[in-house]
J.: 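This is the structure I have questions about; it appears just below.
Everything quoted here is computed from the prediction, not taken from an experiment. Proteins get letters first, then strands, A, B, ... in listed order; numbering begins at 1 in each.
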Protein chains: 2
Amino acid sequence: MREPPATNPPTAAAASLVQGFQGWMSSNDLSPAACPVRDVLDQLGDKWSTLLLIALAAGPRRFGVLRRTVPDISQRMLTQTLRDLQRDGLIDRQVFPTKPPSVEYSLSPLGTSLLEPVAALVAWAERNHADIRVARARYDAEDAAA
Amino acid sequence: MREPPATNPPTAAAASLVQGFQGWMSSNDLSPAACPVRDVLDQLGDKWSTLLLIALAAGPRRFGVLRRTVPDISQRMLTQTLRDLQRDGLIDRQVFPTKPPSVEYSLSPLGTSLLEPVAALVAWAERNHADIRVARARYDAEDAAA
DNA sequence: CTGAATCCAGCCCGATACTG
DNA sequence: CAGTATCGGGCTGGATTCAG
């Protein structure tokens, strides 16, 4: 067999993506609920989910600690994001009936398993952050010239 | 050396995340521009970026083809998302001065390299989509009972 | 065919104040 | 300490229309 005709180097990753993509696009309907990418990635795509997941990677943390760990999150968003993550089964919530009460959040096994692909993505982001910033600056410069 | 005191199984992924996290959180400032997670992931977190990246994984595609490939995207969002991806250097844009003109989008080397971690994330999403849906249903049921 | 421009609805999210 | 409730602004993103 000769080289495939694809104009892009057909990475194993690309092949996997293309195959899966055709699956949930052409199979039946394209309802967002049936599409793992939208149903799962949209969650992680919000402003704080990934950050909190990473913060909890170091171990269980209490509400107030998380609040200080991510300094610019509001308590509203902290509560809401934690509840969403809990709803998806990614984190567990344990209440200690002390006085005053304290609540500890921790990654569930499911959430822990999510850490691996997330770490890969973060590693990529760190590796290529500089390149992206350069690309942006160049694009904006050309844009300003026009 | 004995087992570490962390309450979570310290995956290699977790360790990597924790280390990087402390880096850009405690190093100096917490400006979103200096944080790869926010600066890069927020882009991919929008409604269409990841989907278009996946659609382009199969090879270069013209504007109209992409439009039909992702049926429920508006041309406004298609244009805007493509421009943002191009700005970050993830995709290339080539104009063919035909009549009428046609434009072809393709993944850049940088964009292709992003496919790998994205594929890992998508694979995770597909593997655990069912579990997540179950967790949601359970959470909502308890919520309704209260 | 590929886009730009405009208008507008909805929700994301922050600030603040209040409970147990 | 750990939330909840309310208000409001800003941005996302859809529908439509116009242009090259």
Side-chain angles (χ1 to χ4, degrees), chain A residues 30-32 35 37-39 41-52 55-56 60-88 91-106 139 142-143 146, chain B residues 30-32 35 37-39 41-52 55-56 60-88 91-106 139 142-143 146:
Chain A
L30 32 84
S31 58
C35 170
V37 177
R38 302 197 189 183
D39 202 25
L41 276 293
D42 281 6
Q43 274 293 330
L44 306 180
D46 70 20
K47 201 175 180 182
W48 305 108
S49 289
T50 305
L51 231 35
L52 286 178
L56 286 173
R61 291 288 184 270
R62 300 206 3 218
F63 188 90
V65 175
L66 288 173
R67 191 155 164 46
R68 284 189 295 283
T69 303
V70 185
D72 53 346
I73 195 176
S74 64
Q75 81 292 44
R76 176 181 178 9
M77 279 301 105
L78 180 53
T79 300
Q80 181 175 310
T81 306
L82 286 171
R83 284 182 70 92
D84 288 343
L85 291 173
Q86 185 195 357
R87 188 174 103 101
D88 282 6
I91 66 176
D92 293 322
R93 176 178 185 268
Q94 188 176 4
V95 181
F96 296 94
T98 57
K99 196 166 78 81
S102 72
V103 180
E104 193 174 80
Y105 294 90
S106 59
Y139 185 95
E142 293 171 358
D143 191 71
Chain B
L30 32 83
S31 58
C35 170
V37 176
R38 303 198 190 183
D39 201 24
L41 277 291
D42 282 4
Q43 274 292 332
L44 306 181
D46 69 21
K47 202 175 180 183
W48 305 107
S49 290
T50 306
L51 231 34
L52 286 178
L56 286 174
R61 291 289 184 269
R62 300 209 3 222
F63 187 89
V65 176
L66 288 173
R67 190 155 164 52
R68 284 187 294 281
T69 303
V70 185
D72 53 346
I73 194 175
S74 64
Q75 81 291 44
R76 175 178 168 33
M77 279 301 105
L78 180 53
T79 300
Q80 180 176 311
T81 305
L82 287 171
R83 284 181 68 93
D84 288 344
L85 291 174
Q86 185 195 357
R87 188 173 102 103
D88 282 5
I91 66 176
D92 292 322
R93 176 177 185 270
Q94 187 176 5
V95 181
F96 295 94
T98 57
K99 197 167 78 88
S102 73
V103 180
E104 194 175 78
Y105 295 90
S106 58
Y139 184 94
E142 294 172 356
D143 191 71

J.: Taking all heavy atoms of B:Q43 and all of B:D84, pick out the closest pair and write down the distance.
T.: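 Heavy atoms of B:Q43 and B:D84 come nearest at OE1-CB, 3.9 Å.
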J.: When you look at B:F63 and B:T79, which way does the side chain to side chain contact (heavy atoms under 4.5 Å, CB included) test go after all the steps?
T.: CA-CA 8 Å; B:F63 187 89; B:T79 300; 3.5 Å; yes
J.: Classify B:R67 by what it touches in the nucleic acid, base, sugar-phosphate, or nothing, heavy-atom distance under 4.0 Å.
T.: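 Counting heavy atoms under 4.0 Å across all strands, no contact is made by B:R67.
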J.: Run A:L51 and B:R38 through side chain to side chain contact (heavy atoms under 4.5 Å, CB included) and show every step you take.
T.: CA-CA 8 Å; A:L51 231 35; B:R38 303 198 190 183; 3.3 Å; yes
J.: Does anything in residues 93-103 of chain B form a side chain to side chain donor-acceptor pair (under 3.5 Å)? List the pairs, not counting sequence neighbours.
T.: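 Output for this query lists B:R93-B:Y105.
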J.: Starting from C1' on C:dC1, measure out to NZ on B:K99 and report it in whole angstrom.
T.: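 About 12 Å, once rounded to whole Å.
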J.: Quickly work out the B:D84 CG to C:dG3 P distance and round it to whole Å.
T.: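 In whole Å, C:dG3 P and B:D84 CG are 14 Å from each other.
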J.: Could you give the CZ-to-C1' distance, from B:R93 to C:dC1, as a whole number of Å?
T.: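 After rounding, the reported distance stands at 12 Å.
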J.: With a 4.0 Å cut-off on heavy atoms, is B:F96 in touch with a base, just the backbone sugar-phosphate, or nothing at all?
T.: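 Contact class for B:F96: none.
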J.: Distance check, rounded to the nearest 0.5 Å: A:L78 atom CG versus A:Q80 atom CD?
T.: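 It comes to 10.5 Å.
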J.: In whole angstrom, give the distance that lies between atom CG of A:D42 and atom P of C:dC11.
T.: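 Taking atom P of C:dC11 as the reference, CG of A:D42 is at 14 Å.
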J.: Send over the distance from B:R68 CZ to C:dT2 C1', rounded to a whole Å.
T.: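 From B:R68 CZ to C:dT2 C1': 12 Å.
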J.: What one-letter contact string describes nucleotides 8-20 of chain D from 5' to 3', where B marks a base within less than 4.0 Å of any protein heavy atom, S marks contact via sugar-phosphate atoms alone, and - marks no contact?
T.: -----BBBBB---
J.: Only one of B:V103, B:L56, B:I73 forms a side-chain contact (heavy atoms from CB on, under 4.5 Å) with B:L66, so which one is it?
T.: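 Between B:L66 and the candidates, side-chain contact (heavy atoms from CB on, under 4.5 Å) is satisfied uniquely by B:L56.
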J.: Distance check needed: D:dA2 P versus A:F63 CZ, whole Å only.
T.: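 Interatomic distance, CZ of A:F63 to P of D:dA2: 7 Å.
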J.: Between atom CG in A:L51 and atom P in C:dC12, what is the gap in whole Å?
T.: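 Checked: the CG to P distance equals 18 Å.
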J.: It should be established whether B:R83 places a side-chain nitrogen or oxygen under 4.0 Å from OP1 or OP2 of nucleotide C:dA4.
T.: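 True: B:R83 side-chain N/O within range (under 4.0 Å) of C:dA4 OP1/OP2.
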J.: Output the rounded distance in Å from CG (A:L82) to P (D:dC1).
T.: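 After rounding, the reported distance stands at 16 Å.
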J.: What is the minimum heavy-atom distance between A:R61 and A:A55, and which atoms define it?
T.: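 Between these two residues, the closest heavy atoms are CG-O, 4.3 Å.
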J.: Within the 4.0 Å heavy-atom criterion, would you say A:R62 contacts the bases, only the backbone, or no part of the nucleic acid?
T.: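 Contact class for A:R62: sugar-phosphate only.
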J.: Measuring to OP1 and OP2 of D:dC1, would you say a side-chain N or O of A:Y105 lies under 4.0 angstrom away?
T.: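 Result: no.
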